[in-house]
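Structure first, commentary second.
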Amino acid sequence: MTGAAVDAGTGAATAEVELTVVVPAYNEEQRLGPTLRAIADHLQKSRFENWELIVVDDGSTDGTRAVAEAAAAEEPSVHVVAGDTNRGKGHALRLGVCASYGRRVLVTDADLATPIEELDRLDEELTRTGATAAIGSRALPGASIETHQHRARELLGRGGNFLIRAVAVPGIKDTQCGFKLFDGDRAREAFAATRVDGWAIDVEVLQYFRRQGWPLAEVPVRWAHQEGSKVRPRDYAGVLAELAALRVRSRGGRDRRGGRDRTPGRTPDRTPARTPRWADRTPRRQARRRDLAVAGLFLLAAFLLQMGRWADPGGRYLPDSLQDQNQWEWFFAVTADNVLHLRNPLFTDLQGFPDGVNLMANTVMLGLSVPFAPITELLGPAVSLSLVMTLGLAATGYAWYWLIRRRLGVGRAAAVTGAALAAFAPPMVSHANAHPNFVVLFMLPLIVDRALRLCEGTRVVRDGVLLGLFTAYQIFLGEEPLLLAAMGLLLFALGYAAVRPDVARAALTPLARGTGIALAVFLPIVAFPLWWQFFGPGSYHSVLHGDGAGNSPLALLSFAERSLAGDRATADGLALNITEQNAFFGWPLLLLAFAIVVRMWGRPLVKALAWTALAAALLSLGPKFRVPGTDTVLTGPWRALAHQPLFESVIESRVAMVCAPVLGMLVALGVHELVRELGRRREEDGRGEDGRGEWPVRRGVAGPVAGLLAVAAALLPIVPGPLHTVDRAKVPGFIADGTWRRYVDTAAGESLVPVPLPDPGAAEALHWQTTADLGFRLPGGYFNGPYGEDRRGIYGAVPRHTSNLLREVAVSGRVPQLSKAWREQARADLEFWRAGALVLPPQRHTEALRTTLEGLLGRQGTWIGGVLVWDLHGGS
């Protein structure tokens, strides 16, 4: 037995215990040593990067304890828990399991009648089915009995086992095989609740799992009778007697039913035990520290991406956000203003005056803009937005890391790699310029995990309630990402059901029940906000994006503008704009993913992930797409969804964002397998040392090392650079110093009219408004609102003749011929906007705009505070 396990990513000792093996021993001096050696040797080569082996000496009268302590001295991962007197297998297992820290716990007999190699079969079953316990069975088809007991003994044993099953746990064909793998937390809870000290503890634990609704899986294993076994045929009668006693015994004792006592040195039933010499170990605390370091790593990455704006949050601008930074700062400012002044957070007339803006129908992220209201009020919306983008991106990375660790069972290094890809993939970085609702996605991994828990059917009510709460909160963070996540989950479910229909059938009932519970929780929370969004003031029913919103197939293979290998001209030619580079994973990463899928094709999970990525990529091409290099146009699968409610408003290229976490999971699985193989081959190298300081089989690690280098080579081209920032345009003194207050009577409901009026192409006036503490109202603006009798969604306010005229002059620089009709129209529009003043800041075509305004208003403006001002109180 060699040294302790190490973290495959860093080489440092890892603290989180992934597996605990518990071996009860009573007078096993002769065979305990080889057993412990066999277990440790296998675990060193297994997928479990950190493990512990607990030997429980049940008051042996021979040298069992000395053998165990000698093994512990040689291998730091072996620990000894000793009882003073012999109390039975049940008591020993209770001691050992309740002293464990493993995410999974294996209990096995000291004779290894079931070889330790069968652990892999049980572990695969837990991962594949989502069960909470895998029970080794000698009675299922596929089991192998290599050495039988005496015929009479075997028949008696089968009869006893049949009676036990009939009385206690129907459906389990072999309760007494001493080889069982449990989910760690559930095992500690179940064993702490047991009462028997003898052989019946196996049955009592399985009964507990059944009562809790935790799914069990029975797995055929190899088994061989071992001479000297402590199990005798009459022990089956003892098991039945203990079970009968349980039925008549009172059900008191909170210490045995309410959970586990994890205090080292004490048993769960308060019986003093000899304090193990490893009692001061704190693996969970150390594991938390490592996870905290991972969170810090993601926070650093998010900060480096956003570092340009942190140099001066209020004075730096992301030009690649186009006008979205102005819009999002305004969203945070108006939400804070509404909340702190106890106004309706779902509506405002500060933009789009006088009609106003339905904030619920816009992506204001109430789930964060409301709790951030005090920060926005104290430090300004620019700081709030910077915090949300940085902390939210880091939280998203950590949430994917948590999900990948929990659901894929991979090592820390592999999980970090996969989560980094999920959170910092090129489309995520593209949206980090402008769209926090597509970057702050930390709730989505929690929703995915809760949906998977529902499929397990263990705690349907609790999981359904939490799924409803999580989904309701995500509504207030971003509805479109939630829709895309639901599409991804559905694609994955269809793919997994196709390869594992048995699992799908088993999951259908608890999933349906849990979904109903989730809806019962979800709907009361979101019913009124969603009614307001779709039927309230300023509501609309869809936003059309026109043709060409899908990805080109080349976009999937190319590199984004911010990627290390990216080229702006190429990326711009394949995307709607720089904030919508929704694919751009690069051909090396796609080749790597293809290689991983081919290498691991036998795993149902990999097949389902591959299908999900492929289907999402095809959907992202839109209703039709052109084959690159040809004039051939093909119909895409999105055509079936393009005109359906909700889907008609989706920019279809965004569906490719589903591929980011899927590719992250595939890469995590690939890295984990490579790291495991590297560790195994290194250990083989270590045993192959020839005494001359040479390593004859060192070349065996070349394959895994080459694989890891290939992963690095595929990911390096898409490593993002910091987002581009520039100095922000200064707010005119007329606004910044409050001079505007002399010209706009806000108490009378007047507005300030910038020229040209703010719209999605030029929304700097929103920054003026936030600088002025939202003191004045603006006609026009940058938001989603209704247009026409059918209330079709458009970007910006409903245009009027005067606003169109001023925008055309601002773009072209040409002064139109102004008739009396134009002057009357201008007067009508200014009255509609309730304009107190017109403000013309210096810009590209200032003179053309000035001449146009003088023609419309019949008088000159006045330079005040760096802008031309027309005071309209004397009439136009």
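All values reported here derive from a predicted model rather than from experimental measurement. Heavy atoms only: backbone and side chains are in, while hydrogens, waters and symmetry mates are out.
- Proximity of a side-chain donor or acceptor of H42 to a complementary backbone N or O of E117 within less than 3.5 Å is not detected.
- Nearest heavy atoms, V105 versus S100: CG2-OG, 3.7 Å.
- At least one side-chain heavy atom of V705 sits under 4.5 Å from a side-chain heavy atom of L709.
- The CG atom of L666 sits 9.0 Å away from atom CG of L408, with the distance rounded to the nearest 0.5 Å.
- Between E218 atom CD and E125 atom CD the span is 10.5 Å, to the nearest 0.5 Å.
- A distance of 10.0 Å separates OG1 in T129 from CD in E124, rounded to the nearest 0.5 Å.
- Taking every heavy atom of both residues into account, A110 and T35 meet most closely at O-OG1, 2.7 Å.
- With salt bridges taken as basic N to acidic carboxylate O contacts below 4.0 Å, one links D449 and R453.
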Handout entry: From CA spacing to verdict: side-chain contact (heavy atoms from CB on, under 4.5 Å), L106, F179
Key = CA-CA 7 Å; L106 174 73; F179 200 78; 4.0 Å; yes
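- The two residues G96 and I54 make their nearest non-hydrogen contact at O-CD1, 3.7 Å.
- With sequence neighbours excluded, the residues forming a salt bridge (charged side-chain N to carboxylate O under 4.0 Å, His left out) with D183 are R186, listed by chain and number.
- Under the 4.5 Å side-chain criterion, counting only non-hydrogen atoms from C-beta, R94 is not in contact with V56.
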Exercise for the section: Test salt bridge (charged side-chain N to carboxylate O under 4.0 Å, His left out) on R676 and E673 and set out the steps. Expected result: CA-CA 5 Å; R676 282 183 59 193; E673 290 300 313; 3.7 Å; yes
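- L403 is listed as a side-chain neighbour of M665, based on a closest heavy-atom distance under 4.5 Å.
- Under the 3.5 Å distance criterion, the side-chain polar atoms of S46 are matched with a main-chain donor or acceptor of F48.
- Of the N and O atoms on the side chains of T61 and N27, at least one donor lies less than 3.5 Å from an acceptor on the other residue.
- Note: R87 CZ to L95 CG = 8.0 Å, rounded to the nearest 0.5 Å.
- Once rounded to the nearest 0.5 Å, the distance linking CG of L206 with CD1 of I135 reads 4.5 Å.
- Between the T64 side chain and the E28 main chain, a donor and an acceptor come within less than 3.5 Å of each other.
- Under the 4.0 Å criterion applied to side-chain N and carboxylate O atoms, E456 and R407 are assigned as salt-bridge partners.
- Y208 places a side-chain heavy atom less than 4.5 Å from the side chain of W214.
- Side-chain contact between R603 and L669 is present, with at least one heavy-atom pair separated by less than 4.5 Å.
- E118 places no side-chain N or O within donor-acceptor distance of the main-chain N or O of G136, the cut-off being under 3.5 Å.
- Contacts of R104 classified as side chain to side chain donor-acceptor pair (under 3.5 Å), with partners at least two apart in sequence or in another chain: D123, T127.
- In this structure a side-chain-to-backbone donor-acceptor pair under 3.5 Å is missing from E49 to E18.
- Contacts of D463 classified as salt bridge (charged side-chain N to carboxylate O under 4.0 Å, His left out), with partners at least two apart in sequence or in another chain: R450.
- Of all heavy-atom pairs between G102 and T20, the closest is N-OG1, 2.9 Å.
- Using bins of under 30°, 30° to 60° and over 60° for the plane-to-plane angle, the ring pair F209/F182 lands in the tilted bin.
- Between R188 and D185 a salt bridge is recorded (basic side-chain N to carboxylate O distance below 4.0 Å).
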Practice task
Please lay out, stage by stage, how V67 and V55 fare under the test side-chain contact (heavy atoms from CB on, under 4.5 Å).
Solution key: CA-CA 10 Å; V67 172; V55 183; over 6 Å; no
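- Side-chain N or O atoms of R138 include none that pairs as donor or acceptor with a backbone N or O of R222 at under 3.5 Å.
- Minimum heavy-atom separation, G90 to I201: O-CD1, 3.1 Å.
- Two residues are said to be in side-chain contact when any heavy atoms from C-beta on lie closer than 4.5 Å; V675 and L708 meet this criterion.
- By the 4.0 Å N-to-carboxylate-O rule, R47 lies too far from D120 to be salt-bridged with it.
- Side-chain atoms of L122 and L126, non-hydrogen and from C-beta on, never get closer than 4.5 Å to each other.
- The only option from V219, V21, L19 that meets the side-chain contact (heavy atoms from CB on, under 4.5 Å) definition with L181 turns out to be L19.
- Proximity of a side-chain donor or acceptor of D109 to a complementary backbone N or O of D111 within less than 3.5 Å is not detected.
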Problem - Full working for side-chain contact (heavy atoms from CB on, under 4.5 Å) between D58 and K89 - result: CA-CA 8 Å; D58 188 30; K89 175 186 176 182; over 6 Å; no
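- Contact annotation: the side chain of I596 never approaches that of V606 to less than 4.5 Å [non-hydrogen atoms, C-beta and beyond].
- A donor-acceptor pair under 3.5 Å is formed between the side chain of E52 and the backbone N or O of Y101.
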Exercise for the section: Mind running side-chain contact (heavy atoms from CB on, under 4.5 Å) on H79 and V81 for me, showing each step along the way? Expected result: CA-CA 7 Å; H79 315 296; V81 175; 5.9 Å; no
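- Note: S77 OG to L43 CG = 9.0 Å, rounded to the nearest 0.5 Å.
- The shortest non-hydrogen separation linking S60 to A25 is OG-O, 3.6 Å.
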